[in-house]
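Below is one structure, written out as structure tokens; the observations come after it.
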Amino acid sequence: MKLTEAEWQIMKALWEKHPATAREIMERLPAGVKWAYTTIKTMLTRLADKQVVREAKQGNTSVYDPLISQHKARRSALRSLLETAFDGAMGPLVHFLVEEEQLTPKQKRELAKLVEDQARGETK
């Protein structure tokens with residue numbers, strides 16, 4: 001499952017609070033996003049076709065629920081990035097994060113702790 005940038009915007013608004021109507025989702029979009037109601041409905045239809053959201057009718061109104069968690073969507077996006085940009089290897093991605101993105105000392109400590117916890121089998 002791969003989400004477009006626009007679909008991520010819709011899903012973030014839906015994960016924030018659901019179930020939700022298209023109008024409620026529209027109200028939760030970032031200030032700079034000025035899509036027409038019909039555009040949002042079209043994207044929700046595409047997300048339903050991808051089986052990422054479920055559409056249910058309440059009277060004449062469609063109400064949407066996410067079918068995947070934000071965590072699962074992030075995992076899928078990360079796997080896609082790994083395959084595309086890092087040939088599926090996690091090591092080069094971690095190196096990139098540490099060296100190229102200039103993590104703060106706190107972020108580096110948190111990353112090191114995660115690696116240590118994983119090595120000791122203490123991860124979630």
Side-chain angles (χ1 to χ4, degrees):
M1 176 265 328
K2 190 172 185 176
L3 299 176
T4 66
E5 196 171 325
E7 290 169 340
W8 272 100
Q9 294 285 352
I10 297 289
M11 290 304 297
K12 286 177 185 177
L14 189 56
W15 285 317
E16 185 180 313
K17 186 176 178 189
H18 55 84
T21 65
R23 291 209 188 279
E24 291 169 334
I25 291 167
M26 191 165 126
E27 291 169 4
R28 289 188 208 124
L29 293 173
V33 177
K34 302 289 185 198
W35 295 325
Y37 173 79
T38 53
T39 301
I40 293 168
K41 287 288 289 180
T42 298
M43 285 192 283
L44 285 164
T45 298
R46 288 181 185 157
L47 287 165
D49 291 344
K50 289 182 176 184
Q51 298 182 336
V52 176
V53 301
R54 174 181 42 238
E55 178 182 6
K57 289 286 189 181
Q58 289 183 353
N60 290 334
T61 305
S62 292
V63 179
Y64 300 90
D65 267 304
L67 291 175
I68 63 164
S69 67
Q70 188 172 25
H71 181 79
K72 184 175 180 181
R74 285 176 173 168
R75 182 181 299 140
S76 177
L78 179 58
R79 284 187 183 137
S80 178
L81 174 67
L82 271 174
E83 291 300 321
T84 303
F86 297 95
D87 297 324
M90 185 66 74
L93 171 63
V94 173
H95 181 270
F96 178 81
L97 290 172
V98 172
E99 296 296 322
E100 300 298 326
E101 290 299 309
Q102 300 174 347
L103 297 176
T104 66
K106 181 183 178 191
Q107 290 169 327
K108 287 179 183 181
R109 285 190 304 274
E110 290 170 351
L111 181 58
K113 183 180 181 327
L114 286 171
V115 171
E116 288 173 19
D117 289 350
Q118 173 69 33
R120 288 193 305 259
E122 298 178 9
T123 60
K124 298 177 192 178

Could you tell me which residues satisfy side-chain hydrogen bond (donor to acceptor under 3.5 Å, both in side chains) with [X], sequence neighbours excluded, listed by chain and number?
X    : result
T104 : Q107
H18  : D65
K50  : E7

Where the side chain of [X] meets the backbone of [Y], is there a donor-acceptor pair that is under 3.5 Å apart?
X    : Y    : answer
S76  : K72  : no
K106 : L103 : no
W15  : I10  : no

Legend entry - Electrostatic pair D49-R46, nearest N-O below 4.0 angstrom: no
Legend entry - With sequence neighbours excluded, residues passing side chain to side chain contact (heavy atoms under 4.5 Å, CB included) with E16: R28
Inset, instruction - Check side chain to side chain contact (heavy atoms under 4.5 Å, CB included) between A6 and all other residues, then give those that pass, not counting sequence neighbours. - result: T4, W35, M43
Restricting to non-hydrogen atoms, name the atom on [X] and the atom on [Y] that form the minimum distance, rounded to 0.1 Å.
X   : Y   : result
Y37 : M26 : CA-SD, 3.8 Å
P19 : E24 : O-OE1, 4.1 Å
L82 : A89 : CD2-O, 3.3 Å
A13 : L29 : CB-CD2, 4.2 Å
I40 : A22 : CG2-O, 4.1 Å

Inset, instruction - May I ask you to test the V53-M11 pair for a side-chain heavy-atom distance under 4.5 Å? - result: yes
Legend entry - R54 to Y64 six-membered ring, cation-pi geometry met (6.0 Å, 45°): no
Inset, instruction - Before giving the answer on side-chain contact (heavy atoms from CB on, under 4.5 Å), spell out for L47 and L3 the whole-Å C-alpha distance, their side-chain angles and the decisive distance to 0.1 Å. - result: CA-CA 9 Å; L47 287 165; L3 299 176; 3.7 Å; yes
Would you compute the distance between atom [atom1] of [X] and atom [atom2] of [Y] and round it to the nearest 0.5 angstrom?
X   : Y   : atom1 : atom2 : answer
I68 : R74 : CD1   : CZ    : 11.5 Å
L93 : D87 : CG    : CG    : 12.0 Å
K17 : E27 : NZ    : CD    : 10.5 Å
T39 : K41 : OG1   : NZ    : 12.5 Å

Legend entry - Hydrophobic cluster identity match, L97 and V115, side-chain contacts under 4.5 Å: no
Legend entry - Hydrophobic cluster identity match, L67 and V52, side-chain contacts under 4.5 Å: no
Contacts under 3.5 angstrom, residues 56-63 side chains, donor-acceptor by atom type, not counting sequence neighbours:
from : atom 1 : to  : atom 2 : distance (Å)
K57  : NZ     : S62 : OG     : 3.1
S62  : OG     : E55 : OE2    : 2.5

Inset, instruction - Please step through side-chain contact (heavy atoms from CB on, under 4.5 Å) for the pair R120 and D117, ending with a clear verdict. - result: CA-CA 5 Å; R120 288 193 305 259; D117 289 350; 2.8 Å; yes
